[in-house]
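Accompanying notes for the structure given below.
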Number of protein chains: 2
Amino acid sequence: MTGQAMSIGELARQTNSNVETIRYYERIGLLAKPARTAGNYRSYGPEHLRRLSFVRRSRDLGFSLDQVRALLDLADQRDRSCEAVDAIAKEHLAEVDSKIADLLALRRELNSMITQCGCGSVADCRIIEALSPRFSPAITEERGIR
Amino acid sequence: MTGQAMSIGELARQTNSNVETIRYYERIGLLAKPARTAGNYRSYGPEHLRRLSFVRRSRDLGFSLDQVRALLDLADQRDRSCEAVDAIAKEHLAEVDSKIADLLALRRELNSMITQCGCGSVADCRIIEALSPRFSPAITEERGIR
DNA sequence: TATGGACCCTGTAGCAACTACAGAGTCAAG
DNA sequence: CTTGACTCTGTAGTTGCTACAGGGTCCATA
């Protein structure tokens, strides 16, 4: 059951993460060090499960580990205003929005490259051409500094 | 046909890259080792400029270094069919499309979290709630939150 | 009791694609 | 001759893991 102590493998299964990742989170101080058994195995309780699930969910939503750290801290201060939480989420949303915009612009360029490719020889390939720098002949010849 | 020789700094300026990156590309075999001056400075010609520009443009379009390497190889085989080029570009387009889809889904989730936040106390914060795991109430209650 | 296999431990190195030094040498202007 | 901008090599850091190597532990079965 969930109330019992768990091994790291069990915790990994429950949170859909992998064992190395959990140890990594512990090493960087994102998860508290758990108790150890007589055989030096890590022993996790429900609080660890809760915390790791929070981390996983946040990661799935694309928050960086630093943002997750901040969110975890804030989640513990139950009586504070959640403005700071809101700020982190909004910051992240802005990042996501800008990535989407970048990717859409990229997609347009890629797509136009691809649709122009008649798939003849490389010499006439519109994709290679689109990637190649276009120096005017004059410049190529005469340019150069120093 | 050879313009003037350039220093690494000059090449960096012309290609809008930075000096360390150029040395890095050389180290991993993406750019050919240039000639050296008497003082052991790297000395680049127009062909390097052309090649590095191609790399930068490809990178700007989101191709991985491995993809860039493949594109460079293909670009050199002028008489081959450009099917392979097309394949790389299409593969990349598919990656971009799937990233866009992921980010849009993410955006929806983030946005719905944020719009629900009334910015009261952390205890009532919908964002924290949305990030928190939903185990059966018994557990949450029994353990409480610190 | 021995043994096999699944699990766990620590520590280190690797991935992408750079970036950031440290500590040294080079070069041209004033 | 000095100053300051530039360059050199080599190494280590970044993010967020993942993958060993070389051991130890646990437990069911023969």
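We name chains A, B, ... by the order of the sequence lines, and we start the count at 1 in each one. For clarity, every value in this text was computed on a predicted model and none was experimentally measured.
Here C:dC9 presents its P atom at 13 Å from CG of A:Asn18, a figure rounded to the nearest Å. Atom CD1 in B:Ile22 sits about 15 Å away from atom C1' in C:dA17, given to the nearest Å. Atom-to-atom, OH of B:Tyr44 to C1' of D:dC8 comes out at 11 Å; the value is rounded to the nearest Å. As rounded to whole Å, 10 Å separates atom P of D:dG16 from atom CG of A:Leu30. In this structure, B:Met6 places its CE atom 16 Å from C1' of D:dC6, rounding to the nearest Å. For the pair B:Asn40 CG and D:dG10 P, the interatomic distance rounds to 11 Å; values are reported in whole Å. If you measure from atom CG of B:Leu31 to atom P of C:dA17, you get 15 Å, rounded to the nearest angstrom. Rounded to an integer number of Å, the gap from B:Glu20 CD to D:dC6 P is 14 Å.
In the region residues 50-64 of chain B, proximity to DNA chain C at under 4.0 angstrom, judged on heavy atoms, holds for B:Arg59, B:Ser64.
Residues B:Cys125 and B:Cys117 form a side-chain contact, since some pair of their non-hydrogen atoms from C-beta on lies under 4.5 Å apart. A heavy-atom distance below 4.5 Å is not found between the side chains of B:Phe63 and B:Glu91.
Annotation: B:Asn16, atom CG; neighbour count of heavy atoms from other residues, nucleotides and ligands within 6.0 Å does not exceed 12.
Across every non-hydrogen atom of A:Leu103 and B:Val96, the tightest pair is O-CG1, 3.8 Å.
The residues B:Glu10 and B:Arg13 are annotated as salt-bridged, a charged nitrogen and a carboxylate oxygen being separated by less than 4.0 angstrom. A:Asp102 has no carboxylate O lying under 4.0 Å from a charged side-chain N of B:Lys99, or vice versa, which leaves the two without a salt bridge. Residues A:Glu47 and A:Arg50 are paired through a salt bridge, judged by an N-O separation under 4.0 Å between the basic side chain and the carboxylate.
Nearest-nucleotide positions on DNA chain D for A:Tyr41 and A:Tyr24 put A:Tyr24 closer to the 5' end.
When the nucleotides D:dT11, D:dC6, C:dC9 are ranked by their closest atom to the side chain of A:Arg36, C:dC9 comes out on top.
The base of D:dG16 does not come close enough to the side chain of A:Tyr25 for any donor and acceptor atom to sit less than 3.5 Å apart.
Using a 4.0 Å heavy-atom criterion, one finds that A:Arg42 contacts the sugar-phosphate atoms exclusively. Note on A:Ile28: nothing from the nucleic acid sits closer than 4.0 angstrom, heavy atoms only.
For C:dC9, one of the phosphate oxygens OP1 or OP2 lies less than 4.0 angstrom from a side-chain nitrogen or oxygen of A:Arg23. Dashed line: the shortest gap from a side-chain N or O of A:Thr21 to OP1 or OP2 of D:dT18 is under 4.0 Å.
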